[in-house]
K.L.:
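Got a structure for you, written out below as structure tokens; questions coming shortly.
The analysis underlying the following values was restricted to heavy atoms, covering all of them including side chains, and did not include hydrogens, waters or symmetry mates.
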Amino acid sequence: MAAKEKQIFFCKECGYESAKWQGQCPGCRAWNTFVEEKVKVGVKGAVKQPKDAVSPMGILQVTTAEESRVQTGMRELDRVLGGGIVKGSLVLVGGDPGIGKSTILLQMCRNLVHQNVNVLYVSGEESLSQIKMRAERIGVFEKDMLLLCDNDMDNIERVITKSNASVVIIDSIQTMVVEEVGSAPGTVTQVREVTARLMQVAKQYGIAIFIVGHVTKEGNVAGPRTLEHMVDSVLYFEGDRNHGFRILRGVKNRFGSTNEIGVFTMTEKGLEEVDNPSQALLNGRPQNVSGSVVVSSLEGTRPILVELQALVCQTNFNMPRRTSVGIDYNRVNLILAVMEKRVGMNLWGYDAYVNIAGGMKVNDTAVDLGVAFAIASSMNNKVVPSDTMIIGEIGLAGEIRGVTNVLQRVKEADKMGFATCIIPKSNYDKAMDKLNVKILCVSTLVEALSLL
């Protein structure tokens with residue numbers, strides 16, 4: 001007996017189901033996220049076929065084998081994946097339109113086929129000739145790769161199982177369709193069903209599948225939030241399209257750390273890896289200019305030196321403007337308040353603009369002291385020496401608190417040729433005396449700014 005269709009409402013953010021439309025989702029508390037979908041339900045009284053019973057097993061009886069990984073030929077991508085591609089993994093790659101998602105995956109496919117790895121590239125939004133044109137732009141394919149332009153999930157699953165492919169690319173998840181669902185491509189139900197089918201194929205046949213996901217205007221992957229919970233890894237491509245740098249960040253990874261990032265630069269021939277991000281980000285830095293300092297941000301296990309700029313000027317409004325790019329706006333306001341209260345700087349009549357040069361986004365609190373130095377430097381028109389690196393977290397009492405991995409940050413500054421490092425007093429290590437860097441330790445914000 002055929003299944004009946006039923007109208008049901010889904011939350012686009014978390015996948016919460018409801019029999020009627022609601023303004024606010026009870027699950028994630030988001031407003032106006034419910035959409036109407038048709039789902040098929042079983043007929044009442046239908047006989048359900050019994051399944052084979054599965055018995056639980058003790059954890060001591062479970063045997064594990066070392067994960068075999070396939071190198072992608074791109075060190076930055078391998079770093080974010082945790083050392084390479086794990087067989088049977090399901091990886092979601094998200095990012096803004098035109099940021100380079102399809103480009104990096106196509107470059108990965110080129111490297112894999114050179115290693116005699118069978119690759120299948122499935123596209124639901126581009127023709128075969130369009131994929132060929134992009135492939136010719138990024139380099140020469142010395143060996144063949146299978147291409148498929150289709151969005152029917154039944155056909156795609158059939159081709160995957162028959163092609164003997166070890167790695168499959170799905171571009172993109174929002175264009176794939178399961179005919180039995182009956183709703184339009186990209187809807188909550190379709191995305192969830194397609195992902196479930198792909199996950200089953202990946203685990204059953206040991207195939208590594210990469211899914212390209214479009215993002216919303218808020219920067220989240222379009223579709224239900226459960227999509228990110230279903231996959232093994234979630235990678236986000238970040239960066240300003242007006243700048244050449246692209247950051248590949250691991251948000252979720254069941255096979256490695258989520259703190260690692262990969263740095264790339266966009267060129268005419270595709271994405272190129274940046275082996276020394278600090279040097280690339282500091283190129284073109286102005287010399288002997290007030291409001292410019294160098295700080296160290298720790299991204300995973302890698303310290304990266306970036307230029308932090310501040311501009312303080314007299315306001316023409318009743319309320320001064322506060323603007324930040326690449327750094328948390330509320331964090332900048334907090335530092336300004338501490339400087340007014342604990343240091344005695346009168347900033348209430350001045351506009352303050354803070355920027356991370358190079359299009360980077362920094363969330364590390366170790367750059368707090370650098371923000372304070374840049375603001376004070378611009379305010380008093382005093383230049384911070386260009387060979388000085390500054391790190392430290394600022395507390396509300398005006399104290400300079402310790403940060404993590406300071407020795408690693410100082411070693412990076414020493415490698416880049418910096419002569420002086422200003423660090424929290426609690427982070428001093430005798431191993432720093434062996435480096436060719438002068439260490440200045442500070443414990444309060446007043447003490448630190450007195451060095452300016």
K.L.:
Which atoms form the tightest heavy-atom contact between Ile207 and Val167, and what is the distance?
P.N.:
CG2-N, 4.3 Å
K.L.:
For the pair Arg249 and Glu299, find out whether any cationic side-chain nitrogen is under 4.0 Å from an anionic carboxylate oxygen.
P.N.:
yes
K.L.:
Do Leu369 and Ile400 have side chains that approach each other closer than 4.5 Å (heavy atoms only, starting at C-beta)?
P.N.:
yes
K.L.:
Can any side-chain N or O of Glu76 pair as donor or acceptor with the backbone N or O of Met74 at less than 3.5 Å?
P.N.:
no
K.L.:
Do the charged groups of Arg401 and Glu399 touch, with an N to O distance under 4.0 Å?
P.N.:
yes
K.L.:
Do Glu447 and Ser443 get their side chains close enough for a donor-acceptor pair, meaning under 3.5 Å?
P.N.:
yes
K.L.:
Assess, by modelled atom type and distance only, whether the side chains of Asp232 and Ser89 contain a donor and an acceptor separated by less than 3.5 Å.
P.N.:
no
K.L.:
Between Ser292 and Glu307, do the side chains contain an N or O donor and an N or O acceptor separated by less than 3.5 Å?
P.N.:
yes
K.L.:
Are Tyr205 and Asn164 linked by a side-chain donor-acceptor pair shorter than 3.5 Å?
P.N.:
no
K.L.:
According to side chain to side chain donor-acceptor pair (under 3.5 Å), does anything in residues 366-378 pair up with another residue at least two apart or in another chain? List the pairs.
P.N.:
Arg331-Asp368
K.L.:
Ignoring hydrogens and angles, tell me if any N or O in the side chain of Gln309 forms a donor-acceptor pair with the backbone of Gly291 under 3.5 Å.
P.N.:
no
K.L.:
If you measure only the distance, is there a donor-acceptor pair under 3.5 Å linking the side chains of Glu412 and Ser278?
P.N.:
yes
K.L.:
Do Val295 and Val306 have side-chain heavy atoms sitting under 4.5 Å apart?
P.N.:
yes
K.L.:
Please determine, by modelled atom types, if Asp171 and Ser102 share a side-chain donor-acceptor pair under 3.5 angstrom.
P.N.:
yes
K.L.:
Would you check if there is a donor-acceptor pair between the side chains of Ser233 and Asn253 at a distance under 3.5 Å?
P.N.:
yes
K.L.:
Please check: side-chain N/O of Lys132 versus main-chain N/O of Ser127, any donor-acceptor pairing under 3.5 Å?
P.N.:
no
